[in-house]
Amino acid sequence: MHDYRSHKCAELRKANVGETVKLSGWVNRKRDHGGLLFIDLRDTYGITQIVIDSDSPLLSEAEKWRNEYVICVTGKVVERAAEVVNAKLPTGEIEVRVEAAEVLSEAAVIPFQVAEDDNAGEDVRLRYRYLDLRRDAMQKKIRLRNNVIASVRRRMWEQDFQEFNTPILTASSPEGARDFLVPSRLHPGKFYALPQAPQQFKQLLMMSGFDRYFQVAPCFRDEDSRADRLAEFYQLDVEMSFITEEDVYNTMEPVLQGLFEEFADATGEKRAVTQAPFPRIPYDEAMLKYGSDKPDLRNPLEIVDVTDIFARDDVEFRAFKSVIEGGGVVRAIPAPKISEKSRKFFDGLNDWARGEGAPGLGYIKFADGEGAGPIAKFVPAEAQDALKAKMGIGDGDAVFFVCDKEGAAAKLAGKARDKICEAIGGLLEQGVYKFCWIVDYPLYELNEETGKVDFSHNPFSMPQGGEAALDVDDELELLNVKAHQYDCVCNGYELCSGAIRNHKPEIMIKAFGAVGYDQSVLEEKFGGMLSAMRYGAPPHGGCAFGIDRIVMLFCDEPNLREVNAFVMNGQFEDTLMNAPSAAEEPQLKDLHIKLNLPKPKITEADSAEAKTA
RNA sequence: GCGGACGUAGUUCAGUUGGUUAGAACGCCGGCCUGUCACGCCGGAGGUCGCGGGUUCAAGUCCCGUCGUUCGCGCCA
């Protein structure tokens, strides 16, 4: 027989009764009846109950085994009497009568429980991640993650994509976040950057003629964390040659639809998935109707621009009028069937808007053919009728208003749309993954701080209309240039971002030059790729999916750290491995690095100590 | 960098208006228990109430500072 096991802990059934078997695993739980000891033996596959009774010389020894001891037992599979069958366990019809046992590894008293969920704090769980990962919930999530990645790989291979590895020690890429830097010993004063994404490499692979690339790629960004943002994360990175936007959608939609259908019941609830082709929503339309470039389409409310109504001569609401005269807009969010809602409902939303930095959230509610609410008296009946007609609402409904400069108004209206949907309740469609593509992103945007035009997303995207689109008289006209750039959105999460790339060096130079980057800067930062473009680059494009976010969606888990085996805490510290940590002096010397650390804060206690000393 | 929440036993938490020796559950240790499966019963150990300062006759509780954790903003696809 094998040294450690003949079967796994989820394997034995009635059919095995009478066999002598060997099992290894962890002591999950013990139930000690004095002359009779039950142990739930656990491995990653499941649990088998093993029994030691008073005739066994092992009993006194086994009573000392604590939870999480690793043991190996040999014994006979016996059928349980009908009244003690455990229907909750797949192995519940049998148990193993132990004839021999060996402790493979003792376990100290554990800092939190593995067998049951005791809600231990994240800091403790991360410090003892190996224990945390033994918990059933974590085993399930990590296994799911692995299965998702395996499925993605299979689906990509089936579509003739080749899987590549690209360098980790590389140069800064154009994503715009802070780089993690790695000092070079051989080149004093120079640094590698960890890739924020393999963006340039995948494009270079296209220029190398590989045609269809994918990678489950680690990406690194040195920005502050969030629940759904880590320093290291994984992307399903994809790039294709000789393709248009439509080819990207047509290629990726079956992968996504298939993947989501495969794992749609991971939480136990079977969910419907948008069928390809997914809706394509232009960026401008998304910002108008949903106030977001990652709209949650489960929310049925749609924002309407009603600037024209508040601009009417017979409407005398000065607060909005003055903003409109200054170039602002009014956006309206319908709130259907809220006639039974109390004053508190409206006040609550108003308070929420103040919390968001708005002066408030104006509204009109309609009942008995009349508008009511603080603003209603400024809007005469005729204008109210126009408003109702434009928004497709009537008695029993209400409408909320946001008024600001276009960008800010759209954004706040978007947040209000979510908030109102939530406040009304029961509106958000359940049990679905709703996909869409947001397309026609602007190539440039106005930097609010500097007042200058800069790239809004990926500077390597091809402008729609090609080089001619960049011929403008006024820099501000650049803001109208759209890019062949798109995002894939699911339930309000941006899952993917991509673009048809700029494969022509002259357009590249012009696109950068238009916003003040000299060609020399381009040559210095992206010289390799620019030169590759000059030696025959195919038209190409692709996208990158956030694998972690996809797994989060499948697990219904709002925190990214729950779907990764080993993760850093919110301060980007790995308390298990003790990283980051100080470097040894000889290492620094090798790297020609002298530290210039911030001065430690002087506390009152320190200064008091200094005085006495 | 900024804001909110939290910080009490190994873990998760309770702790009233500031008032006796700071409690519960799980875990741990000891004892009992032959059909449990979240086994049960009896007993016990375990606390720098994050840290520092202040107010007070009296502080886990109030105030100030600080550190830590977490969520968010800024930042970032």
Side-chain angles (χ1 to χ4, degrees), chain A residues 28-42 47-56 59 63-64 66-68 78 80-89 91-92 95 97 108-128 131-132 173-179 196-197 199 219-231 233 235 293-294 355-357 438 441 448-449 455-458 485-489 493-499 543-546 549 558-559 561 569-571 573 575 601-606 608-609:
Chain A
N28 195 54
R29 251 188 250 275
K30 269 166 61 183
R31 290 173 295 280
D32 189 348
H33 292 242
L36 180 69
L37 174 64
F38 299 101
I39 292 173
D40 290 337
L41 190 67
R42 181 195 76 231
I47 283 174
T48 299
Q49 172 166 281
I50 63 171
V51 190
I52 302 172
D53 67 22
S54 52
D55 345 333
S56 170
L59 184 62
E63 284 180 320
K64 292 180 196 143
R66 266 193 304 265
N67 286 348
E68 299 309 307
V78 298
R80 295 204 206 177
E83 62 274 19
V84 292
V85 163
N86 185 349
K88 288 185 225 162
L89 286 181
T91 59
E95 60 197 12
R97 297 258 157 189
V109 175
I110 49 180
F112 54 88
Q113 295 310 295
V114 170
E116 61 198 272
D117 190 1
D118 65 356
N119 271 318
E122 193 172 57
D123 48 342
V124 195
R125 289 175 52 208
L126 290 180
R127 193 154 60 246
Y128 301 95
L131 284 180
D132 187 40
S173 54
E175 266 66 28
R178 286 190 193 88
D179 288 318
Q196 294 181 28
Q199 181 66 33
C219 304
F220 306 87
R221 290 175 194 175
D222 188 5
E223 295 291 348
D224 287 6
S225 79
R226 289 287 184 279
D228 64 346
R229 234 162 60 191
L230 279 177
F233 58 98
Q235 286 187 340
D293 64 349
K294 39 183 181 175
E356 292 289 322
I438 306 298
Y441 271 81
E448 299 283 345
E449 275 175 38
F455 286 108
S456 70
H457 287 84
N458 191 324
Q485 162 112 30
Y486 37 81
D487 278 10
C488 182
V489 174
Y493 283 91
E494 174 201 308
L495 289 190
C496 147
S497 191
C543 55
F545 289 84
R549 284 197 180 156
N559 190 324
R561 293 190 280 268
N569 66 16
Q571 274 62 247
E573 294 164 313
T575 50
K601 278 188 199 161
I602 296 170
T603 63
E604 280 178 40
D606 289 336
E609 209 170 299

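Just so we're on the same page: letters track the sequence lines, and every chain starts at 1.
- One donor-acceptor pair, N or O on each side, does fall under 3.5 Å between the base of B/C76 and the side chain of A/Arg229.
- Residue A/Glu116 is classed as a sugar-phosphate contact, given heavy-atom separations below 4.0 Å to backbone atoms only.
- At whole-Å resolution of the value, CZ in A/Arg226 and C1' in B/G72 are 6 Å apart.
- No donor-acceptor pair under 3.5 Å is formed between the side chain of A/Lys30 and the backbone N or O of A/Leu37.
- You'll find a donor-acceptor pair under 3.5 Å spanning the side chain of A/Arg80 and the base of B/C37, going by distance alone.
- The side chain of A/Leu36 sits closest to B/U34 out of B/U34, B/U36, B/U70.
- Under 3.5 Å, the side chains of A/Tyr493 and A/Asp228 contain no donor-acceptor pair of N or O atoms.
- Within 4.0 Å of A/Asn569, counting heavy atoms only, lie sugar-phosphate atoms of the nucleic acid but no base atom.
- Applying the 4.0 Å criterion to OP1 and OP2 of B/C29, one finds that A/Arg66 has a side-chain N or O inside that range.
- Among the protein residues, A/Tyr128 comes within range of no part of the nucleic acid, since none of its heavy atoms lies under 4.0 Å from any strand.
- In this structure, of B/C37, B/C76, B/U69, it is B/C37 that holds the atom nearest to the side chain of A/Val84.
- Minimum atom distance to the side chain of A/Phe38 is reached by B/U36, of the listed B/U36, B/C28, B/C75.
- Stem regions annotated for RNA chain B: B:1-7 with B:67-73, B:10-13 with B:23-26, B:28-32 with B:40-44, B:50-54 with B:62-66, counting only runs of 3 or more consecutive pairs of Watson-Crick or G-U type with both contacts under 3.5 Å.
- Here A/Glu122 pairs with A/Arg561 in a salt bridge; the nearest charged N to carboxylate O distance falls below 4.0 Å.
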Which atom pairs link the protein and nucleotides 8-12 of chain B when you take only N or O atoms and keep those under 3.5 Å?
| residue | atom | partner | partner atom | Å |
| --- | --- | --- | --- | --- |
| B/G10 | O2' | A/Pro111 | O | 2.8 |
| B/U11 | O4' | A/Pro111 | O | 3.1 |
| B/U11 | O2' | A/Asp118 | OD2 | 3.1 |
| B/U12 | OP1 | A/Gly121 | N | 2.6 |
| B/U12 | O4' | A/Asp118 | O | 3.2 |

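- The residue A/Gln485 sits close to a base: some heavy atom pair falls under 4.0 Å.
- The closest donor-acceptor contact from the side chain of A/Thr91 to the backbone of A/Ile47 lies under 3.5 Å.
- Checked by atom type and distance alone, the side chain of A/Asp118 pairs as donor or acceptor with a backbone atom of A/Gln113 at under 3.5 Å.
- Contacts of A/Asp228 with the nucleic acid, taken as non-hydrogen atoms under 4.0 Å apart, are absent.
- A stacking contact between A/His33 and B/U36 is absent: the pair does not combine a ring-centre distance of less than 5.5 Å to the base's six-membered ring with planes differing by less than 30°.
- If you check every strand for non-hydrogen atoms under 4.0 Å, A/Arg29 touches sugar and phosphate atoms only.
- Residue A/Glu68 is classed as having no contact, given no heavy-atom separation below 4.0 Å to the nucleic acid.
- When the C1' atom is compared between B/G47 and B/U12, the two are found 16 Å apart, to the nearest whole Å.
- The gap from the C1' atom of B/G10 to that of B/G72 amounts to 31 Å, rounded to the nearest Å.
- In this structure a side-chain-to-backbone donor-acceptor pair under 3.5 Å is missing from A/Arg549 to A/Leu495.
- Nucleic acid contact for A/Gly546: none, since no nucleic acid atom lies under 4.0 Å from a heavy atom of the residue.
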